[in-house]
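These notes are about the structure you will find just below.
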Amino acid sequence: MRTKPVLLVIAHGSRDPRHAATVHALVRRVRSLRPGLRVETGFLDFTIPSVHAVLESLAAEGVRDVVALPLLLTRAFHAKADIPAVLRDAPARLRIRQAEVLGPSPLLLSALERRLHEAGLTPADRSSTGVVLASAGSSDPEAIAVIARLAREWQRTGWGAVRPAFASASLPRTEEAVRELRELGCARVAVAPYVLAPGFLPDRIARGAAEADVLAEVLGPAPEVARVLLERYDAARTPAMAAVGA
């Protein structure tokens with residue numbers, strides 16, 4: 001029987017220990033959903049093990065096939081430049097396929113809904129609630145367009161209004177979007193962080209939500225997020241995906 005490719009989850013990394021703890025919790029959930037799959041984790045910065053170290057270790061073990069999955073919600077600089085560069089520097093014996101980033105996905109919208117309900121909102125609150133879709137932000141126009149489109153799609157599911165906001169690089173900021181929804185007359189305003197793990201920028205989102213009625217938790221190890229990881233892994237295993245350095 002042919003061995004399944006190892007899934008290498010590539011996270012950004014952070015000096016904030018909550019970041020790595022959340023990434024590891026998400027990876028544990030992925031393993032629980034597919035017990036026969038080997039899942040490893042590597043970090044681009046600040047946290048060990050590094051992606052390069054994990055790839056070297058896998059090659060030394062005799063592993064041949066790897067699916068490298070960027071733990072990112074949008075296709076911005078890290079997915080387009082940083083991660084491909086790291087993978088090109090991998091040991092030559094490895095055949096690596098880079099999976100797509102996690103977003104956009106209907107499952108991620110479901111995860112956002114889960115976090116809002118956990119924060120206290122009910123289905124009855126939907127039409128009278130304005131939601132700030134608060135992302136980390138990016139200087140990449142493609143990534144910003146994806147967040148804006150996601151906000152429009154989410155509003156069509158019945159929320160009173162949904163506005164995008166960004167913690168860095170782009171405007172509006174979370175607090176500005178909260179004020180806009182107040183001015184629209186929303187009975188309550190909720191902030192839904194569209195981020196995977198705690199850290200510097202999620203903390204900025206939280207500060208910007210000071211005048212909101214509800215602040216949801218980060219997506220973290222939500223089951224829907226774990227299912228997206230497995231979807232991306234499965235798609236990357238198909239022959240249509242180009243191998244990096246093969």
Side-chain angles (χ1 to χ4, degrees), residues 5-31 38-61 63 65-92 94-105 108 135-140 142-144 146-147 166-170 193-205 218-221 225-226 228-230 232-233 235-236 241-245:
V6 172
L7 170 55
L8 172 58
V9 175
I10 300 179
H12 183 275
S14 171
R15 293 186 177 91
D16 189 325
R18 296 173 299 165
H19 175 89
T22 302
V23 170
H24 291 312
L26 175 58
V27 168
R28 286 195 298 271
R29 187 176 288 275
V30 172
R31 291 183 182 127
R38 180 175 177 181
V39 188
E40 300 291 341
T41 309
F43 296 88
L44 292 174
D45 279 308
F46 306 118
T47 310
I48 57 173
S50 68
V51 177
H52 181 74
V54 175
L55 291 171
E56 290 280 355
S57 178
L58 290 172
E61 287 182 35
V63 170
D65 292 308
V66 176
V67 169
L69 195 157
L71 198 60
L72 301 168
L73 294 171
T74 58
R75 182 172 161 74
F77 182 79
H78 290 305
K80 294 177 179 178
D82 284 353
I83 292 174
V86 171
L87 298 181
R88 283 194 296 269
D89 195 37
L94 293 175
R95 181 168 55 229
I96 305 174
R97 294 178 176 87
Q98 181 175 330
E100 291 295 331
V101 298
L102 303 185
S105 167
L108 294 177
S135 78
S138 173
S139 58
D140 188 305
E142 179 186 350
I144 297 305
V146 166
I147 300 301
F166 307 94
S168 68
S170 305
Y194 190 57
V195 293
L196 288 165
F200 177 75
L201 293 178
D203 283 350
R204 181 179 288 177
I205 289 172
V218 299
L219 296 175
V225 179
V228 176
L229 265 71
L230 290 172
R232 298 294 184 257
Y233 169 80
M241 294 294 294
V244 178

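Since this is a predicted model, take the numbers as computed values, not measurements.
Distance check: Ile144 CD1 to Ser139 OG gives 8.0 Å after rounding to the nearest 0.5 Å. We find the CG-CG distance between Leu44 and Asp82 to be 6.0 Å, quoted to the nearest 0.5 Å. With values rounded to the nearest 0.5 angstrom, His19 atom NE2 is found 5.5 Å from Phe43 atom CZ. Note that CG of Leu201 and CZ of Phe166 are 12.5 Å apart. Values are rounded to the nearest 0.5 Å. We find the CG-CG distance between Leu55 and Asp89 to be 9.0 Å, quoted to the nearest 0.5 Å. Annotation: the span from Glu142 atom CD to Thr74 atom OG1 amounts to 8.5 Å, rounded to 0.5 Å.
Proximity of Leu71 to Leu102: side-chain heavy atoms (C-beta onward) are separated by under 4.5 Å at one or more points. The closest side-chain heavy-atom distance from Pro221 to Arg28 is not below 4.5 Å.
Using a distance-only test at 3.5 Å, with no hydrogens or angles considered, no donor-acceptor pair links the side chain of Arg232 to the main chain of Ala99. For Arg31 (side chain) and Val39 (main-chain N/O), a donor-acceptor pair under 3.5 Å exists by modelled atom type. Judged purely by atom type and a 3.5 angstrom limit, Arg29 has no side-chain atom pairing as donor or acceptor with the backbone of Ala226. Counting only distance, with no hydrogens or angles, the side chain of Tyr194 and the backbone of Leu108 share no donor-acceptor pair below 3.5 Å.
Here the closest heavy-atom approach between residue Pro198 and residue Val218 is recorded as CD-CG2, 4.0 Å. Here the shortest heavy-atom pairing between Arg75 and Lys80 reads O-CE, 3.3 Å. Nearest heavy-atom pair across His52 and Val86 is N-CG1, 4.4 Å. Between Val54 and Gly42, the shortest heavy-atom contact is CG2-CA, 4.1 Å. In terms of heavy-atom proximity, Pro202 sits nearest to Ala197 at CG-O, 3.2 Å. Taking all atoms of both residues into account, the shortest heavy-atom contact from Leu230 to Val30 is CD2-CG1, 3.7 Å.
When the side chain to side chain donor-acceptor pair (under 3.5 Å) test is applied to His24, no partner is found at least two apart in sequence or on another chain. Applying the side chain to side chain contact (heavy atoms under 4.5 Å, CB included) rule to Pro70 yields the partners Leu72, Ile83, Gln98, Val101; only residues at least two apart in sequence or on another chain are considered.
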Could you pull out every donor-acceptor pair under 3.5 Å between side chains of residues 6-17 and any protein atom, sequence neighbours left out?
unit_1 : atom_1 : unit_2 : atom_2 : d
His12  : NE2    : His78  : NE2    : 3.3
Ser14  : OG     : Asp16  : N      : 2.9
Asp16  : OD1    : Arg18  : N      : 2.9
Asp16  : OD1    : Arg18  : NE     : 3.1
Asp16  : OD2    : Arg18  : NE     : 3.0
Asp16  : OD2    : Arg18  : NH2    : 2.5

